[in-house]
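Remarks on the structure that follows.
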Number of protein chains: 2
Amino acid sequence: MMDVARTAGVSPSTVSLYLRRPEAVSPAAGQEIAQAIEALGYVPNLVAGGLAAAGSRVVSVIVPSIRNAFFAETVAAMQTELARDGLQVMLGHSEYSDTDEEALIRTALAWAPAAIVLTGLEHSKGARKLLAAGGTPVVEMWELGEQAPIDMAVGFSHTAVGATAARHFAQQGKRHFAFLGARLAQDRRAAARAEGFVAEARRLGLPEPPVLNHPAPATAEAGAQLLGRVQASLPGLEAVACSNDLIALGVLFECQRRGIAVPADLAVIGFGDLSFSSTSNPPLTTIRPSGDLIGREVARLIHACVHGTRPPPGACIVDTGHLLVERKSG
Amino acid sequence: MMDVARTAGVSPSTVSLYLRRPEAVSPAAGQEIAQAIEALGYVPNLVAGGLAAAGSRVVSVIVPSIRNAFFAETVAAMQTELARDGLQVMLGHSEYSDTDEEALIRTALAWAPAAIVLTGLEHSKGARKLLAAGGTPVVEMWELGEQAPIDMAVGFSHTAVGATAARHFAQQGKRHFAFLGARLAQDRRAAARAEGFVAEARRLGLPEPPVLNHPAPATAEAGAQLLGRVQASLPGLEAVACSNDLIALGVLFECQRRGIAVPADLAVIGFGDLSFSSTSNPPLTTIRPSGDLIGREVARLIHACVHGTRPPPGACIVDTGHLLVERKSG
DNA sequence: TTGTAGGCGTTATCAT
DNA sequence: ATGATAACGCCTACAA
């Protein structure tokens, strides 16, 4: 920066000022500085800037898995919005482990981020303490429920999603359901969907739906295997709710192989409304969580915090809801 | 840090030293310091550390789209490896725009990253200048070809992938091919696969395969539409190569709807070996690029740079190759 | 509008 | 093994 100042014939602080508020500097000086920057290929050092300003323009985002299309969607949307404020996304993935998450939070905090974004409402004790100590704004996303958020939250109720699926099947006159999930022990939001599904079926006076769990990540392969298990053990089954569209996709394929007509013999509902769900055969009935909306809302909240216009507590919890997308599979 | 030093009864330098090389400090002092850190909930400020050390422990990764499962896979694998070295990933996505990429590179450089990871070998003039100026290690990934990399590279030849697909079809006795792609104007690697496919068909003395392009991102929906176009215009068609497994998935579904037998009436080959490809009906023949391997190799290169043991130029270009995964679709 | 001075929380270099 | 000291590159008063 000193080089720029020297070649522009001004002082370093003028350059600094120009960089942050170009209109606060005289047009003539501005020209000189712009030229010097161009000529020298100067790139401001944000590390130094962050240190001096006691707060960097970084937003730390921690998701369970970036491979998961849901979170990829959200992160992408969020990044696009955040970039407008000159905010950079630092990414971490916890692989659904609370202890890993805590370590990531610790590292994140070390960067004095403008905000920190977490997935879900459940975190380790240590994580809560770390977050409570600093004045860093924290947004929890992709989940809303009984539990009060640490600070702000954007998401929806997963038990409500499960209930929607159960009600939908009931409306179609189905009575014997099952829930197909993967890694339910790790993925608490999927578990909440299962719970909501079962609870709603019970409330409607229907037979209690069994919950089948696949120990590996949610893939089409898992779905195909789960359908095999379900067929072997539950003869009168009429409908299955899947914790993820990929599982539903596997179910669809396995049904084709076994000659099970969907939805006549077996109704199928997914979750996620992934890109292939409208194109499958039959098209997949699913529940859309609006991952991109979540990303945008999180960004909006952070934008407000950064600009010192933090919304009132009530507006810091935003419910993005969910949407039943009825197609042909159930 | 001064607080920690005070409560531990040592000087700040000793604390700093302990944090970086615990074995260089006496066990007694180490104990005191550890306790003080624990008691105060001290989190070191990496921004200040980065400034003082003139180089942060951040790796900037710029991909075209994080929604794309290929890159998500690579980023996830890379992050896992990098985390072991205490390196944080800063993510950016260019949406396949060179000018956006240049802006992202500028921001990335402003963080004085330990390394910067780019996708592909093609970048704007400005981007090259920025990168050439600084001494930041740069790794280009997911592509290898005629073009020399800026610094290091990990990837494979996309024209070779296209050629593999064409040879495979030829071996099956097919003669009339087509290539189905999406956003070929933006996605140069997909375009290279198309090119390799066409060139190899020509080399084998087969009719020149038409290349069909879908203007929107590669999805199953795009695949279904492309199959429709292909059926309408190319009556004698025997095989289609898709630029992405999602497109192939859409083709598979559309074939089911139209009663086209795969592979008897039409052979289909994809690219990516995504999670659903082994489970589809029929299972998808595809080409595996090993996105996770790319991520790990990139991390290995960066690890070496960070440790001052930069491999010789020859070892800085690693070809991860590609693998034909033969299944039932073609 | 522009320049000056002090400090942000570390690390690195040198003594001790 | 430990501690004093000087950067690191910028920002934020404040003064001119």
Side-chain angles (χ1 to χ4, degrees), chain A residues 1-34 36-37 40-58 86 106-107 109-114 133-136 306 308, chain B residues 1-34 36-37 40-58 86 88 106-107 109-114 134-136 306 308:
Chain A
M1 188 158 108
M2 281 183 53
D3 293 344
V4 174
R6 205 175 304 129
T7 63
V10 297
S11 85
S13 57
T14 308
V15 177
S16 172
L17 190 59
Y18 170 78
L19 253 22
R20 282 170 298 122
R21 298 165 43 216
E23 75 285 1
V25 88
S26 73
Q31 284 291 353
E32 291 289 347
I33 294 171
I37 287 176
L40 298 176
Y42 167 73
V43 176
N45 185 331
L46 291 180
V47 181
L51 181 58
S56 66
R57 299 193 74 73
V58 171
R106 191 179 301 277
T107 317
L109 251 19
W111 281 98
T136 314
V306 167
Chain B
M1 187 159 106
M2 280 184 52
D3 293 343
V4 173
R6 207 173 304 128
T7 63
V10 296
S11 83
S13 325
T14 309
V15 177
S16 173
L17 189 60
Y18 171 78
L19 255 20
R20 282 168 299 123
R21 299 164 41 215
E23 75 284 2
V25 88
S26 74
Q31 282 292 354
E32 291 288 347
I33 295 171
I37 288 176
L40 298 175
Y42 167 72
V43 177
N45 185 332
L46 291 179
V47 181
L51 180 58
S56 66
R57 299 194 72 73
V58 170
Q88 270 281 0
R106 191 178 300 277
T107 316
L109 251 21
W111 281 98
T136 313
V306 166

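Below, read A as the first sequence line, B as the second, and so on, with proteins coming before strands; counting in each chain starts at 1. As a basis for the values below, the full set of heavy atoms in this structure was taken, side chains included, without hydrogen atoms, waters or symmetry mates.
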Between [atom2] of [N] and [atom1] of [X], the distance in whole Å:
X: Glu32(B); N: dA1(D); atom1: CD; atom2: P; result: 18 Å
X: Arg21(B); N: dT11(C); atom1: CZ; atom2: P; result: 12 Å
X: Arg57(B); N: dT10(C); atom1: CZ; atom2: P; result: 16 Å

Practice prompt. Please test Val4(A) against Tyr18(A) for side-chain contact (heavy atoms from CB on, under 4.5 Å), starting from the C-alpha separation and ending with a verdict.
Written response: CA-CA 12 Å; Val4(A) 174; Tyr18(A) 170 78; over 6 Å; no

Worksheet item: To 10°, what angle do the rotation axes through the five end pairs on each side of the helix from dT1(C)-dA16(D) to dT16(C)-dA1(D) form?
Response: 30°

Worksheet entry | Approximate separation, where rounding is to 0.5 Å, of Met1(A) CE and Ile33(A) CD1 | 9.5 Å

Item to complete: Drop me the distance from Asp3(A)'s CG to Ile37(A)'s CD1, to the nearest 0.5 angstrom.
Response: 12.0 Å

Fill in: Distance-only side-chain donor-acceptor flag, Thr14(A) / Ser11(A), under 3.5 Å
yes

Could you report the tightest heavy-atom contact between [X] and [Y], atom names first, then the distance?
X: Pro44(A); Y: Ala110(B); result: O-CB, 3.1 Å
X: Thr7(A); Y: Leu40(A); result: OG1-CD1, 3.8 Å
X: Val10(B); Y: Ala29(B); result: CG1-CB, 4.5 Å

Worksheet item: So what does Val10(B) hit on the nucleic acid, given a heavy-atom distance under 4.0 Å: a base, only sugar-phosphate, or nothing?
Response: sugar-phosphate

Discussion item. Looking at dG3(C), I'd like to know if its phosphate oxygens (OP1 or OP2) sit under 4.0 Å from a side-chain N or O belonging to Thr14(A).
Written reply: yes

Worksheet item: Which residue, Pro12(A) or Ala24(A), contacts DNA chain C at a nucleotide closer to its 5' end, judged by nearest heavy atom?
Response: Ala24(A)

Without placing hydrogens or testing angles, list every side-chain donor-acceptor pair under 3.5 Å for residues 47-57 of chain A, not counting sequence neighbours.
{"unit_1": "Ser56(A)", "atom_1": "OG", "unit_2": "Trp111(A)", "atom_2": "O", "d": "2.9"}
{"unit_1": "Ser56(A)", "atom_1": "OG", "unit_2": "Ala112(A)", "atom_2": "O", "d": "3.0"}
{"unit_1": "Arg57(A)", "atom_1": "NH2", "unit_2": "Asp85(A)", "atom_2": "O", "d": "2.5"}

Discussion item. Does the protein touch nucleotides 5-16 of chain D at the base, only the backbone, or not at all? Give it as B, S and - per nucleotide, heavy atoms under 4.0 Å.
Written reply: B--BBBSB----

